Visitor: 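Sharing a structure below in structure tokens format, with a few things to ask.
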Protein chains: 2
Amino acid sequence: MGKNACGNELAPGVMRRLPCYLNYLKGIPSGSGYISSATVASALGYGDVQVRKDLAQISGRGKPKMGYEIDNLIAALESTLGYTSYKSAVIVGAGKLGMALYGYDGFSEYGLEIVAAFDADEKITRDIIRGTIYPASYFSEYCRKHRIDIGIITVPRSEAQKVCDEMVKCGIRAIWNFSPAILSAPDSVTVRNENMAESIAVLSRSLEEMPAGK
Amino acid sequence: MGKNACGNELAPGVMRRLPCYLNYLKGIPSGSGYISSATVASALGYGDVQVRKDLAQISGRGKPKMGYEIDNLIAALESTLGYTSYKSAVIVGAGKLGMALYGYDGFSEYGLEIVAAFDADEKITRDIIRGTIYPASYFSEYCRKHRIDIGIITVPRSEAQKVCDEMVKCGIRAIWNFSPAILSAPDSVTVRNENMAESIAVLSRSLEEMPAGK
DNA sequence: GGTATATAGATACTCATATATCGATATGCT
DNA sequence: AGCATATCGATATATGAGTATCTATATACC
């Protein structure tokens, strides 16, 4: 385990592909032993050289004629992607999307636990799916009492910047923004936008670009 | 309106930024008239040249000393992104995420209407939020009766490929995949993966990379 | 009406990413 | 044990996106 154990800069393209590698490898029956870069590449539609270069950045060496040890790769990917470290998150905005995320139990696979939800509407402060929804006024106090790693924003566009500021003030340094707002935050805070609008645009354009299917 | 009225290839980076431009411009009080590329650039953290190059691909010319006419830009962006054309969608998988998307009324802003939801579990075939959830067995018949543009997959990983195949068979040519599965589909079908795992990884790594937040 | 200026558009350049080619090496078979 | 081969790793090339610089032009002001 060399210099890349932690803290290396990884190019955005690499960060996009690594979860795909992990996902693919996890779907392989365990005990299969080794896999070649070409096999991974053709399964995911990448080039074999690209797969090797990506894996070289995060894992130990592969063996000629054999490929890479699958279990090693999975462990290296999970570690690199941060899935093995526990991260606590809070949601602000208990609308439909917020509640869906709050109730989704698949995040634990990535080391993420959503520990609380907040909403400006005091009336919905009740158990709905799996936990309490606190009034937004309690947010900063809650953050002082618990160590919160990630803030998830699922409020409407008009409220998003206010919520973002509040999160920053409470020491949250990673924000996952599901609102359509463009958030401004200090450089020390990472903001990740879940870009539904872009996805819809890509799909919509694809429909118009090839009018004749088949 | 020249050659780029429709059907031009747009680079992924451009496709990522265009919704941001639109979003930003819509937040400007209407009747403001013109805006310069430098103003847009500094608001969104891009370079002014990049903004001009992006806009040159989708809109008419700007005026020296004035900038671009805001209303024109908004119209061009909405048209290019496909938000002005009606697109019908169906959801397969009536779990929490599926129901959240089904109940979300913000998609109409992008020209997207979710017209039906399906689930393998026949028991949940009832009105929940705003519409009927049909049993999955009715899916292909429904698609024959209605023109469906986009298929949204919110089933677990193990079911996703099966659902994808069914959608392709029913003539759906654009698929929005919220499951963690890697889907294989013909080239004529556009698959867009909503990459939650990547987002979590980016945020998680950012937490580990700067241990001293300030 | 002339001139200074802000701004767009075009061109040239830099940098990063992805691809192709070549050489090195461990494995398995004869 | 020796050799053929599949696969990795390194080097070189190509492609493309982003940036910087320069030129052209429409506006506003004097």
Side-chain angles (χ1 to χ4, degrees), chain A residues 1-4 8-21 24-25 28 32-74 76-77 80 195 198 202, chain B residues 1-4 8-21 24-25 28 32-74 76-77 80 195 198 202:
Chain A
M1 298 197 184
K3 57 176 182 179
N4 53 23
N8 248 8
E9 276 298 315
L10 290 174
V14 181
M15 277 305 279
R16 205 179 326 118
R17 289 187 296 270
L18 292 187
C20 299
Y21 298 141
Y24 169 70
L25 294 172
I28 294 172
S32 300
Y34 290 82
I35 193 167
S36 77
S37 60
T39 306
V40 176
S42 79
L44 299 177
Y46 303 146
D48 59 336
V49 180
Q50 183 160 77
V51 172
R52 282 199 296 278
K53 283 179 84 167
D54 288 345
L55 296 185
Q57 294 187 57
I58 60 118
S59 160
R61 314 193 110 214
K63 284 193 199 170
K65 184 95 177 199
M66 297 289 284
Y68 299 86
E69 203 183 333
I70 294 179
D71 293 344
N72 276 357
L73 275 193
I74 291 178
L77 284 164
T80 303
N195 221 333
E198 184 195 351
V202 168
Chain B
M1 298 202 183
K3 58 177 181 178
N4 53 23
N8 248 8
E9 276 298 315
L10 290 174
V14 181
M15 278 304 280
R16 206 178 327 117
R17 288 187 297 271
L18 292 187
C20 299
Y21 298 142
Y24 169 70
L25 293 172
I28 294 172
S32 301
Y34 289 82
I35 194 167
S36 76
S37 60
T39 306
V40 176
S42 79
L44 299 177
Y46 302 146
D48 58 337
V49 180
Q50 182 160 76
V51 172
R52 283 199 294 277
K53 283 177 84 165
D54 288 346
L55 296 184
Q57 294 186 58
I58 60 118
S59 158
R61 314 193 109 212
K63 285 193 201 171
K65 186 94 176 195
M66 298 287 285
Y68 300 85
E69 204 183 333
I70 295 178
D71 292 345
N72 276 358
L73 274 193
I74 291 178
L77 283 165
T80 303
N195 221 332
E198 184 196 351
V202 169

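Computed from a predicted structure; not experimentally measured. Letters A, B, ... are given to chains in the order of the sequence lines, protein chains preceding strands, and every chain is numbered from 1.
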Visitor: Write down the distance between OH (B:Y68) and P (D:dA26), rounded to a whole number of angstrom.
Guide: 15 Å
Visitor: Check the distance between C:dA10's P and B:D48's CG and give it to me in whole angstrom.
Guide: 15 Å
Visitor: If you measure from OG on B:S32 to CG on B:D71, what distance do you get to the nearest 0.5 Å?
Guide: 8.5 Å
Visitor: In whole angstrom, what separates B:L55's CG from D:dG18's C1'?
Guide: 15 Å
Visitor: Let's see if you get this right: which residues in residues 35-43 of chain B place a heavy atom under 4.0 Å from DNA chain D?
Guide: none
Visitor: Ignoring hydrogens, what is the shortest heavy-atom contact between A:R17 and A:D54? Give both atom names and the distance.
Guide: NE-OD2, 2.6 Å
Visitor: Nearest 0.5 Å, what's the CG-CD distance between A:L18 and A:Q57?
Guide: 8.0 Å
Visitor: Rounded to the nearest 0.5 Å, what's the gap from CZ on A:R61 to CG on A:N72? Could you check?
Guide: 14.5 Å
Visitor: Does the protein touch nucleotides 17-30 of chain C at the base, only the backbone, or not at all? Give it as B, S and - per nucleotide, heavy atoms under 4.0 Å.
Guide: SSBB----BBB---
Visitor: Mind calculating the distance between CD (B:E69) and P (D:dA26) to the nearest angstrom?
Guide: 16 Å
Visitor: Please round to the nearest 0.5 Å and tell me the distance separating atom CG of B:L10 and atom CD1 of B:I58.
Guide: 8.5 Å
Visitor: About how many Å separate OG1 of A:T80 and CG of A:L73, when rounded to the nearest 0.5 Å?
Guide: 10.0 Å
Visitor: Of all residues at least two apart in sequence or in a different chain, which pass the ring-ring contact (aromatic ring centres under 6.0 Å, His included) check with A:Y34?
Guide: none
Visitor: If you take all heavy atoms of B:Y24 and B:L44, which pair is closest and at what distance?
Guide: CB-CD2, 4.0 Å
